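Scroll down for the structure; my scribbles are underneath it.
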Amino acid sequence: MDMAKSKIAQWISGLLTDTPAQEIMAMLEYPKEESLGDLSLPCFKLSKKLRKSPMQIATELKEALEAKAEGDEFIDRIEAVSGYLNLFLKQSYLAGNVVLTILNAGERYGSRDIGAGKTIVIDFSSPNIAKPFHVGHLRSTVIGNALYRIHSFLGYQSIGVNHLGDWGTQFGKLIVAYRLWGDEARLEEGAIDELLGLYVKFHKEAEHDPGLEDEARACFLKMEQGDEEVLALWQRFVDISLAEFQKIYDLLGVEFDYFTGESFYNDKMEPVIQELKDKQLLEEDEGAWLVRLDQYNMAPALMLKKDGSTLYHTRDVTAALYRKQTYSFDKALYVTDYAQNLHFAQLFKVVGLMGYDWAEDEMIHVPFGRVTLEGMSLSTRKGNVVKLEEVLEQTIEKVKEIIEVKNPQLQNKDEVARQVGVGAVIFNDLSANRIKDIVFSWDDALSFEGETGPYAQYCYARTCSVLRKAAGDQLAGKAIVDALLLAEQFDPAKLQHPTEIAILKELALFPERTVQAAAKLEPSIVTRYLIDLAQAFNRFYHDCPILVEDERLRTARLALVKCVQITLKNGFNLIGLQAPEEM
Ligand code: ARG
C-alpha cells in the first residue's frame, strides 16, 4: 500500500499549489468502511488554504486525478463524497504487489532504514537491588524491549541500558539492618526475600529509633567513600539480586547491552557537581545543594544531601551526560511508571540549563500506567508485593492445564506452555495505550478468543498447520509452500473473495504501523495490528477452503497464508513474542 499511497500523494500534490506530497501523505486515511474506498483524503484542511469548499476540492481533484491516473496500475475508481476524495485501488495491484513484496522480503518485511546512522539509547527495566522485581518493572521491561526491537527493525542502532537501582541511602539501611538482624545462612541461599525482610524491618524499627536513620546515612557515605568492608557486603546483595533478575530476563527472552546501574556513576559525579557549581546552578539550602526550578513551576532538584552524599537525581544527570558522550545518541528514552513524570521533567530541565541544547529534544520520558493484579494493589514499601516470577510461573501452569485439555497430544508441551504463558503476559502489558492503568486478569490474558497473545499465537500456529498440511498433501506437493516458489507461481487475479481482499489490505498496513509505533513510542499499535490481522485471517479461514482442486486458486491461497505467517511472525518479533508452530 505504501507504494500506491506515496504515488497518489505525489499526484495530488502536483495538482495543488504549495502542498508538498509529505503533507498529503499525512492526510491520507484508511477508511474503516469498505464503501469509502481504500484510501481517503479529507479535504477540510485544504479548504481554508485553497478558499474553496471541501466538496469543490474533492470534485476537482477527482476529475484531474482521473485524467492523470488513466491506465495506471493502482487506481480502480475515484469518488468525491461529502468533502472526501475516496480512492479505490485495483485488486490486481493490491494482490500482486502485497503478496510478492512479502514473499520476497520474508523476515525483513516491514523493516526500513529510516533510522540508519542514528542511535537510540533505551533505559528500561531498571529494577532495584535487594527488592523484588515487581509487575511495574515487568511493564518497563516489556515496553522497553518492544521499543528496542521496533527501532532496530527500522534501522536504528538501539542500545539497551539497565539502570539498576544499586546505589543510594537504602543500601546504608540494608547494611545496618543486616548487621543487626541478618541471617548469614539465609543470605547464603540467595534469598532476596531475606533482603526485603530486612528492609521492611528497618523501616519499622526506625519509627521508634531514629538513630538508625543516622547510622544508615553514615553507612552509605562510607560506601561513597569506598569503604571496602561495606562495599563487599553491598556487592553480595547486588550479586544475589542480579541472579534473581536474570531468571526473569531469561524467561522473557530480554537482553541488555549494558547493566550500568546507579553505582556505575559513583566516580563520575564529582565533575558534574563541579560543573553545576561553575555554571551557578547549584544553590545551598540548609547545608544541602539543589537546583532551583521555581521558574519552571517545578520543585527543586536535590543534588547533594547535607552530609555530602549524592541522590537519584545526581546519578541521572551524570548518566545523561555520560550516555551522550559515550554513545552520541540521537534519542534517549527512559521507560518508567508515570509516577516519575516530575523527576524526568526536572532532569531534562537541569541538563538543558547546563547549556546542553539537546536535552529537551532528544531525551524523552516514556511513562506508562500502573498495573494491578485482579484488584490487588502492589506496593513495595509494606512488603506485600506480588512477585513477577510467581505471576509468570502461575501463568505458565495455567497454560499447561489448558493444553492438557485442548491438545494433550502436543509434543513439546512445556516449551509451548512457556511461550504462550509468557506471551500472554507480554501481550497483556502491551495491549492498551501505555499510559493507561491496567489490570492483570488471568482469565482475560489467557483467553484464546479474546484480543490476547494466545489468540494471536494460535492464529500463527494455524497458518503453520495449513502449510504443513499442504506440504504433505498430494495436491500441493512439498515444495510449493516455499515462499519463493509460491511467488513464482502466484496469480494475483485469483484472490477475489472479500475476506482475501481484507487480508491483503491488512497485510499492506504492516510497514506503516511499525513506523507509527516508533513515532509514538507506542507498542500497542503493533499488538492492535496483530489482532486485526489475526481476525482477518480467521474470517478467511472460516469462509475459504484452501486445499482446493483448482491449482492456481490453491497456490494463491497458500501464498496468502504464507504472507500472514511471515507478517505475524515479524510482528511478534517486534514485541518479543515467541511464535510456536503448534499449540
Ligand atoms: N530504579 C528505578 C525504579 O525502580 C527506575 C530507574 C529508571 N531509570 C532512570 N535512569 N532513572 O523506579
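All values reported here derive from a predicted model rather than from experimental measurement. Whatever order the structure lists them in is the order used to number ligands and atoms, beginning at 1.
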- Query: Any donor and acceptor pair, going by atom type alone, linking the side chain of Gln419 with main-chain N or O of Ala579 inside 3.5 Å?
  - Reply: no

- Note on the structure: for atom 2 (C) of ligand 1, nearest protein heavy atom and its distance come out as Ser126 O, 3.6 Å

- Query: Quick one: does Arg315 get a heavy atom under 4.0 Å from ligand 1?
  - Reply: no

- Message: Between ligand 1 and His137, is the shortest N or O to N or O distance under 3.5 Å?
- Response: yes

- Query: When you measure from the side chain of Thr527 to the backbone N and O of Leu430, does any donor-acceptor pair fall under 3.5 Å?
  - Reply: yes

- All heavy atoms of Glu275 vs all of Leu321, minimum pair found to be OE1-CD1, 4.2 Å

- Nearest protein heavy atom with distance in Å, relative to atom 12 (O) of ligand 1: Gln340 NE2, 2.8 Å

- Message: Below the 3.5 angstrom mark, is there an N/O of Asp316, backbone or side chain, next to an N/O of ligand 1?
- Response: yes

- Query: In the protein, what heavy atom is nearest to atom 8 (N) of ligand 1, and what distance, to one decimal place, separates them?
  - Reply: Asp123 OD1, 3.1 Å

- The single option from His163, His365, His343 that satisfies side-chain hydrogen bond (donor to acceptor under 3.5 Å, both in side chains) with Thr336 is His365

- If you count the atoms of ligand 1 from 1 in the order shown, which ones are under 4.0 Å from a heavy atom of Thr336? 7 (C)

- Query: Heavy-atom distance to atom 6 (C) of ligand 1: which of Phe124, Tyr312, Tyr334 wins?
  - Reply: Tyr312

- Note on the structure: Any heavy atom of Asp337 under 4.0 Å from ligand 1? The part involved is neither

- Going from OG on Ser125 to CD1 on Ile143, what distance comes out if it is rounded to the nearest 0.5 angstrom? 11.5 Å

- Task: With heavy atoms only and a cut-off of under 4.0 Å, state how Phe133 meets ligand 1: side chain, backbone, both or neither.
- Result: neither

- Can you establish whether the number of heavy atoms outside Glu284 located under 6.0 Å from its atom CD is more than 12? yes

- Which atoms of ligand 1 sit under 4.0 Å from any heavy atom of Asn128? 1 (N), 2 (C), 3 (C), 4 (O)

- Task: Might you point out which heavy atoms bring Trp234 and Asp166 nearest each other, and give the distance in Å?
- Result: NE1-O, 2.8 Å

- What about Glu262: any of its N or O atoms under 3.5 Å from an N or O on ligand 1? no

- Task: Output yes when a side-chain donor or acceptor of Arg434 lies under 3.5 Å from a complementary backbone atom of Pro367, and no otherwise.
- Result: yes

